[in-house]
There are 2 protein chains.
Amino acid sequence: MNTEEALALLSALAHPTRLEAFRLLIRHEPGGLSTGELVEASGLSQSTFSTHLAVMVKAGLVIAEKRGRQQIQRANLDSLRGVMVFLAKDCCQGRTELYEPLLAELTCI
Amino acid sequence: MNTEEALALLSALAHPTRLEAFRLLIRHEPGGLSTGELVEASGLSQSTFSTHLAVMVKAGLVIAEKRGRQQIQRANLDSLRGVMVFLAKDCCQGRTELYEPLLAELTCI
DNA sequence: TTCATTCATCGTAATTTACCGATTGGATTG
DNA sequence: CAATCCAATCGGTAAATTACGATGAATGAA
């Protein structure tokens with residue numbers, strides 16, 4: 001996970017529509033949802049949501065897979081893990097005294 | 001940390017200039033840096049960086065503190081922790097089987 | 001083959017963001 | 001008080017993002 005990839009992931013997450021879609025996809029792991037179901041849930045037009053989806057797929061946040069004539073979308077939990085590791089480690093460059101309390105908090109969820 | 005706050009933090013992080021400034025501030029914890037030093041490090045104009053800084057401060061990513069006639073900026077590690085907890089917990093809404101491997105990875109940094 | 005379904009892409013308009021120089025306001029120094 | 005320093009804000013431009021309807025390509029069904 002380099003800076004560029006992390007920025008793409010952060011940008012992909014930093015929009016209400018996309019964040020909500022991602023959360024919806026997480027709730028539907030590991031089965032995923034079709035693009036049409038996501039469009040319906042978003043309340044936006046099909047074309048508008050398609051561009052949001054393209055942003056997420058390009059960033060690696062979502063993985064698309066063809067199934068029949070539908071496109072099944074799945075949350076990429078590896079990318080979520082990646083961006084969190086980036087924030088904790090790469091961002092806090094070696095300052096363990098800074099991110100260790102952060103991890104402690106996370107493990108106590 | 002609600003969705004709105006998390007979105008603001010993600011947006012604040014999702015820009016090369018702002019992410020780099022944040023990383024720089026982390027490296028300078030707990031002393032912080034003056035706005036002028038951050039401007040110089042960014043290579044941008046003073047006014048441009050000032051708007052970036054305002055985004056970060058508004059999101060709570062950075063905390064400003066007046067010292068003399070300078071403005072000292074400090075990374076807000078609580079907000080970083082907050083957004084990570086949001087991604088791990090709120091985003092993975094109760095699906096412990098999803099975020100536990102995620103946390104396991106984080107604790108092995 | 002013909003029709004319906006599914007979704008990406010195109011073209012476009014409106015809004016937001018990013019960037020700059022210039023100005024202003026507040027604080028310190030002389 | 002006057003001069004200086006620091007940083008926010010203003011005004012303006014260029015680029016990116018967001019949104020939509022319409023079109024088109026691919027797949028499956030009749």
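Below, read A as the first sequence line, B as the second, and so on, with proteins coming before strands; counting in each chain starts at 1. These values consider heavy atoms only, across backbone and side chains, with no hydrogens, waters or symmetry-generated copies.
- Here the shortest heavy-atom pairing between B:Ala8 and B:Ala59 reads O-CB, 3.6 Å.
- Between the CD atom of B:Glu65 and the P atom of C:dA27 there is a distance of 15 Å, given to the nearest Å.
- Along DNA chain D, the nucleotide nearest to A:Thr17 and the one nearest to A:Gly68 differ in position, and the one closer to the 5' end is contacted by A:Thr17.
- Ranking C:dC10, C:dA4, D:dA8 by closeness to the B:Gln71 side chain, first place goes to D:dA8.
- Not a single donor-acceptor pair under 3.5 Å links the side chain of B:Arg18 to the backbone N or O of B:Val55.
- Distance, A:Leu19 CG to D:dT18 P: 13 Å, rounded to whole Å.
- For A:His52, counting side-chain heavy atoms from C-beta on, the closest listed nucleotide (D:dA19, C:dC7, C:dC20) is D:dA19.
- Rounded to an integer number of Å, the gap from B:Met56 CE to C:dT17 C1' is 15 Å.
- Within the structure, a side-chain polar atom (N or O) of B:Thr35 is placed less than 4.0 Å from OP1 or OP2 of D:dA7.
- Distance NZ (A:Lys58) to C1' (C:dT9): 15 Å, rounded to an integer number of Å.
- The number of heavy-atom neighbours closer than 6.0 Å to CD of B:Gln93, taken from other residues, nucleotides and ligands shown, is above 12.
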### Task
Step by step, work out the side-chain hydrogen bond (donor to acceptor under 3.5 Å, both in side chains) result for B:Gln73 and B:Thr35.
CA-CA 7 Å; B:Gln73 315 293 337; B:Thr35 304; 2.8 Å; yes

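- Residue contacts shown for B:Ser50 include a base, since a base heavy atom lies under 4.0 Å away.
- A:Ser34 comes within 4.0 angstrom of sugar-phosphate atoms only, judged by non-hydrogen atoms across all strands, and of no base.
- Nearest to the side-chain atoms of A:Leu53 among the listed nucleotides C:dG21, C:dA8, D:dA7 stands C:dA8.
- Mapping A:Arg67 and A:Gln46 onto DNA chain D via the closest heavy atom, the residue that lands nearer the 5' end is A:Gln46.
- Proximity note for B:Ser45 (side chain, C-beta onward) versus C:dC19, C:dA4, C:dC20: the nearest is C:dC20.
- Within the nucleic acid shown, A:Arg18 comes within 4.0 Å of sugar-phosphate atoms alone, with no base atom in reach, counting heavy atoms only.
- One atom, CZ of B:Phe49, and another, P of D:dA8, lie 10 Å apart when rounded to the nearest Å.
- Side chains of A:Ser34 and A:Arg67: a donor-acceptor N/O pair is absent below 3.5 angstrom, by distance only.
- The phosphate of D:dT17 (OP1 or OP2) has no side-chain N or O of A:His15 nearer than 4.0 angstrom.
- Atom CD in A:Gln73 sits roughly 12 Å away from atom C1' in C:dT6 (whole-Å rounding).
- In this structure, A:Thr48 reaches the bases: a heavy-atom distance under 4.0 Å links it to at least one base atom across the strands shown.
- Side chain of B:Arg69, nearest nucleotide from C:dA22, D:dT4, D:dA7: D:dT4.
- A:Leu44 places its CG atom 19 Å from the P atom of C:dA14, with the value rounded to the nearest Å.
- Screening A:Glu65, A:Glu29, A:His28 against A:Arg74 for a side-chain hydrogen bond (donor to acceptor under 3.5 Å, both in side chains) leaves a single residue, A:Glu29.
- One interatomic measurement links the two molecules: CD of B:Gln70 to C1' of C:dA27, which rounds to 11 Å at whole-angstrom precision.
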